[in-house]
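In what follows, a single structure is set out as C-alpha coordinates and then discussed.
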Amino acid sequence: MSGVADRLPRLLSLVPYLLARPGIPIAEAAADFDITPRQLRRDLELLWMCGLPGYGPGDLVDLSFSGDTVTVTEDAGMRRPLRLTTAEATALLVALRTLGEAPGVVDTAAVRRATAKIERAVGDAGVATVAVDLTREEEATAATVRGALDRGRALQIVYYTAGRDAVSRRTVDPMRLLLVEGRGYLEAWCRRAEGVRLFRLDRVEEVAELAEPSAPPSDAEPHDVSRGLFTPSEEHRTAVLEVAREARWIAEYYPVDEVVEHLDGSGSARVLLRYADPAWLVRLVLGLGGGARVLEPPELAVAVAERAREALAAATTTDDVPGGHGTGAGER
(Lines give C-alpha, C1' and ligand atoms only; values in the text may rest on other atoms or scores of the structure.)
Protein backbone atom coordinates (compact mmCIF):
# COMPACT_ATOMS: atom_id res chain seq x y z
CA MET A 1 0.00 0.00 0.00
CA SER A 2 2.53 2.60 -1.05
CA GLY A 3 0.68 4.33 -3.92
CA VAL A 4 -0.61 7.87 -3.57
CA ALA A 5 -4.26 6.72 -3.66
CA ASP A 6 -3.57 4.42 -0.69
CA ARG A 7 -1.12 6.58 1.19
CA LEU A 8 -3.11 9.81 1.47
CA PRO A 9 -6.14 8.26 3.25
CA ARG A 10 -3.73 6.41 5.53
CA LEU A 11 -1.87 9.60 6.43
CA LEU A 12 -5.13 11.37 7.22
CA SER A 13 -6.17 8.48 9.46
CA LEU A 14 -2.86 8.09 11.26
CA VAL A 15 -3.03 11.19 13.46
CA PRO A 16 -6.41 10.51 15.13
CA TYR A 17 -5.43 6.82 15.37
CA LEU A 18 -2.15 7.64 17.17
CA LEU A 19 -3.80 10.27 19.37
CA ALA A 20 -6.10 7.57 20.73
CA ARG A 21 -3.13 5.24 21.35
CA PRO A 22 -0.22 7.22 22.85
CA GLY A 23 2.97 5.18 23.14
CA ILE A 24 1.79 2.46 20.76
CA PRO A 25 4.53 0.17 19.40
CA ILE A 26 5.30 0.97 15.76
CA ALA A 27 5.02 -2.70 14.81
CA GLU A 28 1.48 -2.88 16.25
CA ALA A 29 0.36 0.28 14.46
CA ALA A 30 1.85 -1.00 11.19
CA ALA A 31 -0.05 -4.27 11.56
CA ASP A 32 -3.33 -2.39 12.09
CA PHE A 33 -2.79 -0.50 8.83
CA ASP A 34 -1.59 -3.63 7.00
CA ILE A 35 1.79 -2.13 6.12
CA THR A 36 5.38 -2.82 7.16
CA PRO A 37 7.03 -0.98 10.09
CA ARG A 38 9.43 0.53 7.54
CA GLN A 39 6.52 1.98 5.51
CA LEU A 40 4.93 3.33 8.70
CA ARG A 41 8.16 5.11 9.64
CA ARG A 42 8.22 6.71 6.18
CA ASP A 43 4.63 7.86 6.69
CA LEU A 44 5.51 9.32 10.09
CA GLU A 45 8.50 11.18 8.61
CA LEU A 46 6.16 12.72 6.03
CA LEU A 47 3.56 13.62 8.68
CA TRP A 48 6.29 15.39 10.65
CA MET A 49 6.46 17.98 7.84
CA CYS A 50 2.65 18.48 7.56
CA GLY A 51 0.58 21.14 9.25
CA LEU A 52 -1.36 24.38 8.99
CA PRO A 53 -0.37 27.35 6.78
CA GLY A 54 2.38 29.35 8.45
CA TYR A 55 4.35 26.25 9.33
CA GLY A 56 5.63 27.54 12.66
CA PRO A 57 6.71 25.07 15.35
CA GLY A 58 3.19 24.94 16.81
CA ASP A 59 1.52 24.44 13.43
CA LEU A 60 3.25 21.25 12.34
CA VAL A 61 2.46 17.70 13.35
CA ASP A 62 4.95 16.75 16.05
CA LEU A 63 5.80 13.22 17.08
CA SER A 64 7.72 11.78 20.01
CA PHE A 65 9.62 8.51 19.60
CA SER A 66 10.72 6.39 22.53
CA GLY A 67 12.40 3.18 21.54
CA ASP A 68 10.03 1.43 19.16
CA THR A 69 6.96 3.43 20.23
CA VAL A 70 5.45 6.68 18.92
CA THR A 71 3.24 9.39 20.45
CA VAL A 72 1.63 12.44 18.80
CA THR A 73 2.47 15.56 20.81
CA GLU A 74 1.04 18.15 18.39
CA ASP A 75 -1.85 17.31 16.05
CA ALA A 76 -2.02 20.55 13.96
CA GLY A 77 -5.82 20.49 14.01
CA MET A 78 -6.09 16.91 12.75
CA ARG A 79 -7.59 15.54 15.97
CA ARG A 80 -11.08 14.83 14.62
CA PRO A 81 -11.39 11.50 12.77
CA LEU A 82 -12.55 11.44 9.16
CA ARG A 83 -16.30 11.20 8.55
CA LEU A 84 -17.60 8.53 6.23
CA THR A 85 -19.28 9.64 3.04
CA THR A 86 -22.61 8.09 2.08
CA ALA A 87 -20.92 5.77 -0.42
CA GLU A 88 -18.23 4.72 2.07
CA ALA A 89 -20.73 4.08 4.87
CA THR A 90 -23.00 2.12 2.53
CA ALA A 91 -20.16 -0.07 1.29
CA LEU A 92 -18.96 -0.72 4.84
CA LEU A 93 -22.43 -1.58 6.15
CA VAL A 94 -23.11 -3.90 3.22
CA ALA A 95 -19.84 -5.73 3.84
CA LEU A 96 -20.47 -6.03 7.58
CA ARG A 97 -24.04 -7.27 7.15
CA THR A 98 -22.84 -9.87 4.67
CA LEU A 99 -20.18 -11.07 7.09
CA GLY A 100 -22.77 -11.19 9.86
CA GLU A 101 -24.85 -13.62 7.80
CA ALA A 102 -21.93 -16.04 7.35
CA PRO A 103 -21.67 -17.94 10.66
CA GLY A 104 -18.34 -19.60 11.30
CA VAL A 105 -16.39 -17.22 9.08
CA VAL A 106 -15.92 -14.42 11.61
CA ASP A 107 -16.97 -13.46 15.13
CA THR A 108 -20.62 -12.74 14.30
CA ALA A 109 -21.28 -10.94 17.59
CA ALA A 110 -18.33 -8.60 17.00
CA VAL A 111 -19.55 -7.86 13.47
CA ARG A 112 -23.02 -6.99 14.74
CA ARG A 113 -21.57 -4.67 17.40
CA ALA A 114 -19.46 -2.93 14.77
CA THR A 115 -22.48 -2.59 12.47
CA ALA A 116 -24.58 -1.05 15.22
CA LYS A 117 -21.78 1.33 16.15
CA ILE A 118 -21.35 2.55 12.57
CA GLU A 119 -25.11 2.99 12.15
CA ARG A 120 -25.21 5.12 15.31
CA ALA A 121 -22.16 7.11 14.24
CA VAL A 122 -23.56 8.02 10.83
CA GLY A 123 -27.16 8.34 11.93
CA ASP A 124 -26.97 12.13 12.17
CA ALA A 125 -26.08 12.24 8.49
CA GLY A 126 -29.02 10.06 7.54
CA VAL A 127 -26.78 7.34 6.18
CA ALA A 128 -27.84 4.57 8.52
CA THR A 129 -31.22 4.25 6.87
CA VAL A 130 -29.80 3.56 3.43
CA ALA A 131 -31.42 0.48 1.91
CA VAL A 132 -28.86 -2.30 1.55
CA ASP A 133 -30.99 -5.32 2.44
CA LEU A 134 -31.96 -7.98 -0.07
CA THR A 135 -35.59 -8.44 -1.06
CA ARG A 136 -37.53 -11.31 0.49
CA GLU A 137 -37.15 -13.34 -2.69
CA GLU A 138 -33.40 -12.74 -2.77
CA GLU A 139 -33.12 -13.59 0.93
CA ALA A 140 -34.91 -16.88 0.31
CA THR A 141 -32.63 -17.63 -2.64
CA ALA A 142 -29.54 -16.71 -0.61
CA ALA A 143 -30.69 -18.95 2.26
CA THR A 144 -31.05 -21.93 -0.11
CA VAL A 145 -27.63 -21.21 -1.61
CA ARG A 146 -26.02 -20.94 1.83
CA GLY A 147 -27.56 -24.25 2.82
CA ALA A 148 -26.18 -25.92 -0.31
CA LEU A 149 -22.75 -24.40 0.33
CA ASP A 150 -22.76 -25.63 3.93
CA ARG A 151 -23.76 -29.16 2.89
CA GLY A 152 -21.65 -29.26 -0.27
CA ARG A 153 -24.62 -29.86 -2.56
CA ALA A 154 -25.30 -28.87 -6.18
CA LEU A 155 -28.17 -26.56 -7.15
CA GLN A 156 -30.71 -26.41 -9.93
CA ILE A 157 -31.74 -22.87 -10.85
CA VAL A 158 -34.09 -21.22 -13.31
CA TYR A 159 -32.29 -18.06 -14.40
CA TYR A 160 -33.23 -14.99 -16.44
CA THR A 161 -30.39 -13.71 -18.66
CA ALA A 162 -31.11 -10.04 -19.30
CA GLY A 163 -28.64 -9.66 -22.17
CA ARG A 164 -30.48 -12.31 -24.22
CA ASP A 165 -33.93 -11.80 -22.70
CA ALA A 166 -34.08 -15.57 -22.10
CA VAL A 167 -34.87 -17.95 -19.23
CA SER A 168 -32.89 -21.16 -18.81
CA ARG A 169 -32.72 -24.08 -16.39
CA ARG A 170 -29.21 -24.93 -15.20
CA THR A 171 -27.44 -27.27 -12.81
CA VAL A 172 -24.63 -25.46 -11.00
CA ASP A 173 -21.98 -26.24 -8.41
CA PRO A 174 -22.04 -23.28 -5.96
CA MET A 175 -18.70 -21.77 -4.98
CA ARG A 176 -19.57 -18.66 -2.93
CA LEU A 177 -22.08 -15.87 -2.30
CA LEU A 178 -21.00 -12.33 -3.14
CA LEU A 179 -22.39 -8.90 -2.42
CA VAL A 180 -20.91 -6.46 -4.93
CA GLU A 181 -22.03 -2.90 -5.60
CA GLY A 182 -25.09 -3.45 -3.43
CA ARG A 183 -26.29 -6.59 -5.26
CA GLY A 184 -26.21 -10.24 -4.29
CA TYR A 185 -24.62 -12.82 -6.58
CA LEU A 186 -24.11 -16.57 -6.65
CA GLU A 187 -20.75 -17.58 -8.08
CA ALA A 188 -20.88 -21.15 -9.34
CA TRP A 189 -19.57 -23.62 -11.88
CA CYS A 190 -22.25 -23.85 -14.56
CA ARG A 191 -22.36 -27.36 -16.02
CA ARG A 192 -24.24 -26.13 -19.07
CA ALA A 193 -21.70 -23.42 -19.93
CA GLU A 194 -18.77 -25.43 -18.57
CA GLY A 195 -17.38 -22.39 -16.83
CA VAL A 196 -17.57 -20.20 -13.74
CA ARG A 197 -20.52 -17.84 -13.90
CA LEU A 198 -22.02 -15.10 -11.72
CA PHE A 199 -25.79 -15.26 -11.23
CA ARG A 200 -27.61 -12.22 -9.85
CA LEU A 201 -29.89 -13.33 -7.05
CA ASP A 202 -32.75 -11.09 -8.17
CA ARG A 203 -32.72 -12.89 -11.55
CA VAL A 204 -32.87 -16.39 -10.08
CA GLU A 205 -36.54 -17.29 -10.58
CA GLU A 206 -36.33 -20.74 -8.95
CA VAL A 207 -33.66 -22.52 -6.92
CA ALA A 208 -33.56 -26.01 -5.43
CA GLU A 209 -30.86 -27.93 -3.60
CA LEU A 210 -30.04 -31.29 -5.20
CA ALA A 211 -29.07 -34.52 -3.48
CA GLU A 212 -25.88 -34.83 -5.53
CA PRO A 213 -22.62 -33.31 -4.27
CA SER A 214 -21.27 -30.01 -5.55
CA ALA A 215 -18.10 -30.70 -7.52
CA PRO A 216 -16.64 -27.66 -9.31
CA PRO A 217 -13.43 -28.56 -11.20
CA SER A 218 -10.20 -28.04 -9.30
CA ASP A 219 -9.11 -25.42 -11.83
CA ALA A 220 -12.33 -23.35 -11.52
CA GLU A 221 -11.11 -19.81 -10.84
CA PRO A 222 -13.28 -17.31 -8.92
CA HIS A 223 -13.87 -13.94 -10.54
CA ASP A 224 -11.78 -10.94 -9.53
CA VAL A 225 -14.48 -8.41 -8.61
CA SER A 226 -12.11 -5.81 -7.17
CA ARG A 227 -12.58 -3.61 -10.27
CA GLY A 228 -16.26 -4.27 -10.77
CA LEU A 229 -18.28 -7.10 -12.23
CA PHE A 230 -18.68 -6.33 -15.89
CA THR A 231 -15.80 -7.09 -18.25
CA PRO A 232 -16.70 -6.35 -21.87
CA SER A 233 -15.89 -9.06 -24.40
CA GLU A 234 -15.33 -8.82 -28.15
CA GLU A 235 -18.99 -9.59 -28.82
CA HIS A 236 -20.20 -6.59 -26.82
CA ARG A 237 -21.00 -3.34 -28.59
CA THR A 238 -21.85 0.08 -27.21
CA ALA A 239 -25.03 2.11 -27.60
CA VAL A 240 -25.79 5.61 -26.35
CA LEU A 241 -29.34 6.02 -25.08
CA GLU A 242 -31.25 9.09 -23.94
CA VAL A 243 -33.45 7.85 -21.10
CA ALA A 244 -36.25 9.63 -19.26
CA ARG A 245 -36.67 9.57 -15.48
CA GLU A 246 -39.09 6.62 -15.59
CA ALA A 247 -36.58 4.54 -17.60
CA ARG A 248 -33.53 5.27 -15.46
CA TRP A 249 -33.84 1.84 -13.90
CA ILE A 250 -32.09 0.27 -16.90
CA ALA A 251 -28.80 1.78 -15.68
CA GLU A 252 -29.18 -0.30 -12.50
CA TYR A 253 -30.38 -3.46 -14.20
CA TYR A 254 -28.11 -3.74 -17.25
CA PRO A 255 -24.32 -3.30 -17.69
CA VAL A 256 -23.50 0.34 -18.40
CA ASP A 257 -20.17 2.13 -18.71
CA GLU A 258 -21.37 5.65 -18.01
CA VAL A 259 -24.41 7.62 -16.86
CA VAL A 260 -24.41 11.38 -17.55
CA GLU A 261 -27.06 13.27 -15.61
CA HIS A 262 -28.86 16.16 -17.31
CA LEU A 263 -28.87 19.33 -15.23
CA ASP A 264 -32.31 20.57 -16.28
CA GLY A 265 -34.08 18.90 -13.34
CA SER A 266 -35.97 16.46 -15.58
CA GLY A 267 -34.25 13.40 -14.13
CA SER A 268 -33.28 12.23 -17.61
CA ALA A 269 -29.78 11.02 -18.47
CA ARG A 270 -27.53 9.84 -21.25
CA VAL A 271 -26.50 6.21 -20.78
CA LEU A 272 -23.62 4.31 -22.37
CA LEU A 273 -24.91 0.73 -22.47
CA ARG A 274 -23.22 -2.51 -23.53
CA TYR A 275 -25.11 -5.09 -25.58
CA ALA A 276 -24.39 -8.26 -27.56
CA ASP A 277 -27.60 -8.75 -29.55
CA PRO A 278 -28.98 -5.75 -31.55
CA ALA A 279 -32.44 -7.37 -31.71
CA TRP A 280 -32.52 -7.53 -27.90
CA LEU A 281 -31.67 -3.84 -27.58
CA VAL A 282 -34.34 -2.91 -30.15
CA ARG A 283 -36.92 -4.82 -28.09
CA LEU A 284 -35.70 -3.16 -24.90
CA VAL A 285 -36.05 0.37 -26.31
CA LEU A 286 -39.47 -0.32 -27.82
CA GLY A 287 -40.65 -1.87 -24.55
CA LEU A 288 -39.82 1.34 -22.72
CA GLY A 289 -42.66 3.05 -24.58
CA GLY A 290 -40.94 6.31 -25.44
CA GLY A 291 -38.89 6.37 -22.24
CA ALA A 292 -35.67 5.86 -24.18
CA ARG A 293 -34.23 7.02 -27.50
CA VAL A 294 -31.19 5.61 -29.34
CA LEU A 295 -28.59 8.26 -30.14
CA GLU A 296 -25.79 5.95 -31.31
CA PRO A 297 -25.15 3.89 -33.36
CA PRO A 298 -27.35 5.35 -36.14
CA GLU A 299 -28.16 1.96 -37.65
CA LEU A 300 -29.67 0.87 -34.32
CA ALA A 301 -31.81 4.03 -34.19
CA VAL A 302 -33.04 3.22 -37.71
CA ALA A 303 -33.86 -0.36 -36.67
CA VAL A 304 -35.91 0.90 -33.70
CA ALA A 305 -37.82 3.34 -35.94
CA GLU A 306 -38.56 0.65 -38.53
CA ARG A 307 -39.81 -1.82 -35.92
CA ALA A 308 -42.02 0.91 -34.41
CA ARG A 309 -43.52 1.70 -37.84
CA GLU A 310 -44.17 -2.01 -38.48
CA ALA A 311 -45.90 -2.38 -35.13
CA LEU A 312 -48.04 0.70 -35.78
CA ALA A 313 -48.98 -0.54 -39.26
CA ALA A 314 -49.93 -3.95 -37.87
CA ALA A 315 -52.09 -2.34 -35.20
CA THR A 316 -53.83 -0.14 -37.79
CA THR A 317 -54.52 -3.16 -40.01
CA THR A 318 -56.08 -5.03 -37.10
CA ASP A 319 -58.33 -2.06 -36.35
CA ASP A 320 -59.65 -2.10 -39.95
CA VAL A 321 -60.58 -5.81 -39.95
CA PRO A 322 -64.19 -6.55 -38.83
CA GLY A 323 -64.10 -8.44 -35.55
CA GLY A 324 -60.46 -7.53 -35.03
CA HIS A 325 -58.96 -6.95 -31.62
CA GLY A 326 -58.12 -3.30 -32.16
CA THR A 327 -60.00 -0.36 -30.76
CA GLY A 328 -63.41 -0.38 -32.57
CA ALA A 329 -65.80 2.49 -33.06
CA GLY A 330 -68.09 1.13 -30.37
CA GLU A 331 -65.15 1.22 -27.90
CA ARG A 332 -64.32 4.82 -28.61
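Every value quoted in this text rests on a predicted model; they were computed, and no experiment measured them. Computed from heavy atoms alone, side chains included, the values below leave out hydrogens, waters and symmetry copies.
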Check your understanding: Going by heavy atoms in the side chains, are Leu281 and Leu273 under 4.5 Å from each other?
Key -> yes
Exercise for review: Give, for atom CZ of Arg151 and atom OG of Ser214, the distance between the pair rounded to the nearest 0.5 Å.
Suggested key: 12.5 Å
Exercise for review: With the side chain counted from C-beta on, respond yes when Leu155 and Leu186 share a heavy-atom pair under 4.5 Å apart, and no when they do not.
Suggested key: yes
Check your understanding: How long is the span from the OG atom in Ser268 to the CD atom in Glu242, to the nearest 0.5 Å?
Key -> 5.5 Å
Exercise for review: Look at Arg41 together with Asp68 and state whether they make a salt bridge at an N to O cut-off of under 4.0 Å.
Suggested key: yes
Point to revise | Test log, rule side chain to side chain contact (heavy atoms under 4.5 Å, CB included), inputs Phe33 and Leu14 | key: CA-CA 9 Å; Phe33 281 88; Leu14 262 174; 3.7 Å; yes
Review point. Okay, side chain of Thr71, backbone of Gly23: is any donor-acceptor separation there less than 3.5 Å?
Key: yes
Point to revise | Min side-chain heavy-atom separation Val204-Tyr160 under 4.5 Å | key: no
Point to revise | Smallest separation among heavy atoms of Glu209 and Ala148, with atom names | key: OE1-N, 3.6 Å
Practice item. Please determine, by modelled atom types, if Ser168 and Arg170 share a side-chain donor-acceptor pair under 3.5 angstrom. Key: yes
Practice item. Give, for atom CD of Glu45 and atom CG of Leu63, the distance between the pair rounded to the nearest 0.5 Å. Key: 10.0 Å
**Study point:** Which residues share a side chain to side chain donor-acceptor pair (under 3.5 Å) with Gln156, sequence neighbours left out
**Key:** Arg169
Point to revise | Donor-acceptor contact present, side-chain Tyr159 to main-chain Arg200, <3.5 Å | key: yes
Practice item. State yes or no: do Leu284 and Val294 share one hydrophobic cluster built from I, L, V, M, F, W and Y residues joined by side-chain heavy-atom distances below 4.5 Å, directly or via other members? Key: yes
**Study point:** Spatial distance of atom OG1 (Thr144) from atom CD (Glu206) [nearest 0.5 Å]
**Key:** 11.5 Å
Point to revise | Partner residues of Glu261 under the salt bridge (charged side-chain N to carboxylate O under 4.0 Å, His left out) criterion, sequence neighbours left out | key: Arg248
Study note, to complete from the structure: Value for CD1 (Ile157) from OG1 (Thr171), rounded to nearest 0.5 Å, stands at 9.0 Å
Point to revise | Check: Arg191 and Asp173 side chains under 4.5 Å, non-hydrogen atoms | key: yes
Check your understanding: With hydrophobic residues grouped by side-chain heavy-atom distances under 4.5 Å, do Leu210 and Phe199 end up in a single group?
Key -> no
Revision key, fill the gap. Closest non-hydrogen atoms of Arg42 and Arg38, given as atom of the first, atom of the second and distance, are NH2-NH2, 2.9 Å
Check your understanding: Quick one: are Tyr17 and Ile24 in side-chain contact, heavy atoms under 4.5 Å?
Key -> yes
Study note, to complete from the structure: Residues Ala188 and Pro174: closest non-hydrogen pair is CB-CA, 3.7 Å
**Study point:** Cluster check Trp189, Val158: I/L/V/M/F/W/Y, side chain < 4.5 angstrom
**Key:** no
Review point. Going only through I, L, V, M, F, W and Y residues with side-chain contacts under 4.5 Å, is there a path from Val282 to Val302?
Key: no
Check your understanding: Is Ser66 reaching over with its side chain to a backbone N or O of Thr69, donor-acceptor style, under 3.5 angstrom?
Key -> no
Exercise for review: Please name all residues satisfying side chain to side chain donor-acceptor pair (under 3.5 Å) with Arg293, sequence neighbours left out, ordered by chain then number.
Suggested key: none
Exercise for review: Would you sort out whether Leu241 and Leu295 count as a side chain to side chain contact (heavy atoms under 4.5 Å, CB included), showing the intermediate values?
Suggested key: CA-CA 6 Å; Leu241 305 183; Leu295 302 180; over 6 Å; no
Exercise for review: Measure the spacing between CG of Asp34 and CG of Leu40 and express it to the nearest 0.5 Å.
Suggested key: 12.0 Å
Check your understanding: Any chance CD of Glu299 has more than 12 other-residue heavy atoms, nucleotides or ligands included, within less than 6.0 Å?
Key -> yes
Review point. Taking side chain as C-beta onward, heavy atoms only, is Thr238 less than 4.5 Å from Leu272?
Key: yes
Point to revise | Charged N-O contact under 4.0 Å between Glu212 and Arg153 | key: no
Practice item. May I ask you to test the Glu187-Val196 pair for a side-chain heavy-atom distance under 4.5 Å? Key: yes
Review point. What heavy-atom pair brings Val285 and Ala292 nearest, and what distance separates the two atoms?
Key: CG1-O, 3.7 Å
Check your understanding: Shortest non-hydrogen contact from Ala247 to Gly291?
Key -> CB-O, 3.5 Å
Exercise for review: Please check if Leu300 and Val271 belong to a single hydrophobic cluster, counting links between Ile, Leu, Val, Met, Phe, Trp and Tyr side chain heavy atoms closer than 4.5 Å.
Suggested key: yes
Review point. What is the minimum heavy-atom distance between Leu177 and Ala142, and which atoms define it?
Key: CD1-O, 3.8 Å
